[in-house]
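I have placed the structure first, in the form of structure tokens, so that the comments after it can refer back to it.
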Amino acid sequence: MPQEDARVTKSNLPRLELHIPEPPSRPDTEVSFAHVNRGEAGAVRRPDIAEHESNMRDLPYELIRVLDDDDRAVGPWDPKLAPETLIKGLRAMVLTRAFDDRLFRAHRQGKTSFYMKSTGEEAISAAQSMALDKGDMFFPTYRAMAWLHARNYPLTTLCNQIFSNAEDPLAGKQLPILHSAREYDFYSISGNLGVRFVHAVGWAMASAYKNDTKISLAYVGDGTTAEGDFHEAMTFAAAYRAPTILCVTNNQYAISSFAGFAAPERLPFAAKALAYGFPGIKVDGNDFLAVWGATQWAAERARTNNGPTLIEFYTYRAEGHSTSDDPSAYRPKDEAKHWPLGDPVERLKDHLIALGAWDEERHAALEAELKEKVKIAVKEAEAIGTLGQSKPPIEEMFEDVFAEKDWRLKEQLRELKRRRAGDSAAGEGA
Ligand SMILES: Cc1ncc(C[n+]2csc(CCOP(=O)(O)OP(=O)(O)O)c2C)c(N)n1
């Protein structure tokens with residue numbers, strides 16, 4: 001019982017102080033990942049997919065890992081994939097990295113206005129692309145291109161979109177890398193963070209309503225969980241037990257803001273699921289096998305009417321946020337090297353070597369092969385044109401605003417043509 005004289009009164013109240021979260025390290029301090037608890041590979045139990053969520057509330061606080069420090073696959077979340085499947089996954093990841101490096105450079109050469117890499121996060125969308133079925137719909141962010149690379153999306157078409165040239169499949173209407181690929185189960189990316197999380201839930205509800213068998217998958221970054229859309233998606237997914245897998249790709253940063261600005265630092269994003277009444281799990285996002293195993297579990301839950309799962313993929317954004325960002329302004333330059341969960345490409349490669357299914361020579365050959373493939377694709381797209389050198393027909397600008405152009409759009413198009421005709425006539429006269 002509190003003492004009478006210890007009671008807080010107006011006269012002895014301390015002044016209020018606003019808590020400003022502090023990142024673990026700054027450019028001028030030592031790297032610190034003391035707050036990262038890796039746990040032990042293979043140590044987290046894997047409940048039955050029909051288990052009630054009330055019996056899984058410990059899971060968000062554990063980190064699901066399959067690959068151990070000796071590069072072996074251990075524990076109940078091991079999806080037990082054939083080496084050929086792992087090599088395919090490795091290939092998708094190496095291709096993503098080669099593509100990112102080349103297109104980032106293309107930005108510096110003025111060939112595109114913008115680019116974003118997914119370095120360090122390749123395992124997440126590569127494994128999920130392979131683990132899900134054709135027809136399941138993915139609602140990606142801009143940092144999930146390994147999904148397309150894992151499904152052999154034509155590289156030249158990606159470059160055409162990035163260069164906004166005459167062959168751009170989106171006719172120059174979207175910022176580079178905001179791709180859309182329906183045939184690849186890859187929903188149109190939006191610049192507005194978080195909006196797709198809600199769409200994914202609605203899409204999954206529709207699938208269930210039609211008694212279909214398809215499920216949806218959606219991403220938000222750690223920062224984006226602070227958007228209202230995250231809450232709306234979680235609420236609807238829970239209430240309607242939507243067959244969806246909702247993922248937070250926690251790469252520790254939202255541009256310059258560390259993840260502690262979106263949630264209390266000691267609280268895993270996965271734990272947010274508890275408040276909504278469905279399971280949340282936290283998974284090593286740099287572990288291809290753990291990503292696959294967790295996705296399989298969540299997909300089975302969704303497909304058997306056991307409802308949604310929130311997966312936090314714990315990872316690290318190894319490079320800058322975008323071509324417009326310099327991360328050395330807000331974090332130590334060598335922080336990425338110290339990330340306690342390593343590099344996803346290296347870890348899968350080392351696992352395959354440990355299995356005796358891979359070696360350094362084959363890896364070097366794969367890297368060289370994929371670099372060359374990217375180079376050829378970029379050359380092909382360059383031949384069509386880079387930024388500003390080649391453009392989709394201007395009439396395209398008026399297409400697809402509505403299913404059919406209304407009178408105002410028709411009028412505006414006529415006006416544009418009239419002015420252009422006038423300009424060129426004036427040009428000839430001069
Ligand atoms: C609604 C909205 N607010 C702000 C932005 C600007 N913005 C673009 S990316 C970004 C950071 C997102 O961080 P996070 O969700 O952690 O994803 P990450 O980029 O780390 O993968 C911000 C603030 C935006 N695009 N949309």
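Each ligand, and each atom within it, is numbered from 1 in the order the structure gives.
- Using a 4.0 Å heavy-atom cutoff, Glu121 is absent from the residues neighbouring ligand 1.
- The protein heavy atom nearest to atom 3 (N) of ligand 1 is Glu227 OE2, 3.8 Å.
- Using a non-hydrogen distance threshold of 4.0 Å, Asp222 registers as a contact of ligand 1.
- Annotation for Val36 and Tyr314: closest pair CG2-OH, 3.6 Å, computed over non-hydrogen atoms.
- Heavy-atom proximity to atom 23 (C) of ligand 1, evaluated over Val195, Leu193, Asn192, is greatest for Leu193.
- For ligand 1 and His321, the ligand atoms under 4.0 Å from any heavy atom of the residue are 9 (S), 10 (C), 11 (C), 19 (O).
- The one candidate from Leu86, Thr85, Asp287 that meets the side chain to side chain contact (heavy atoms under 4.5 Å, CB included) condition with Trp292 is Thr85.
- Proximity to Ile255 (heavy-atom distance under 4.0 Å) selects the following atoms of ligand 1: 10 (C), 11 (C), 22 (C), 23 (C).
- For the side-chain hydrogen bond (donor to acceptor under 3.5 Å, both in side chains) test with Thr315, the passing option among Thr249, Asn251, Asp284, Asn286 is Asn286; the others fail.
- Scanning the protein for heavy atoms near atom 13 (O) of ligand 1, the closest one is Ala254 CB, 3.2 Å.
- Listed by number with element, the atoms of ligand 1 under 4.0 Å from a non-hydrogen atom of Tyr253 are 16 (O), 20 (O).
- A centroid separation of 6.0 Å or more is found between the aromatic rings of Phe104 and Tyr115.
- One side chain, Tyr330 or Asp325, offers a donor N or O that lies under 3.5 Å from an acceptor on the other.
- The N/O atoms of Arg317, backbone and side chain alike, include none that comes under 3.5 Å of an N/O atom in ligand 1.
- Every atom of ligand 1 with a heavy atom of Gly191 under 4.0 Å away is listed here by number and element: 24 (C), 25 (N), 26 (N).
- Annotation: atom 12 (C) of ligand 1 to nearest protein heavy atom, Tyr142 OH, 3.4 Å.
- Judged purely by distance below 3.5 Å, without hydrogens or angles, the side chains of Thr304 and Asn306 pair a donor atom with an acceptor atom.
- Ring orientation note: the planes of Tyr240 and Phe236 are close to parallel, at an angle under 30° on the 30°/60° scale.
- With hydrogens left out, the protein atom closest to atom 21 (O) of ligand 1 is Arg143 NE, 2.9 Å, a heavy atom.
- In this model, a donor atom of one side chain and an acceptor atom of the other lie less than 3.5 Å apart for Thr295 and Gln128.
- Shown in contact with Asn251 at under 4.0 Å from a heavy atom are these atoms of ligand 1, numbered in order with element: 18 (P), 20 (O), 21 (O).
- The shortest separation from a heavy atom of Thr249 to ligand 1 is not under 4.0 Å, leaving the residue out of contact.
- Scanning the protein heavy atoms around atom 15 (O) of ligand 1, the nearest turns out to be Thr224 OG1, 2.5 Å.
- The protein heavy-atom contact nearest to atom 16 (O) of ligand 1 is Gly223 N, 2.9 Å.
- An N or O contact shorter than 3.5 Å is missing between Val220 and ligand 1 by distance.
- Looking at Arg317, its side chain does come within 3.5 Å of a backbone N or O of Ile255 through a donor-acceptor pair.
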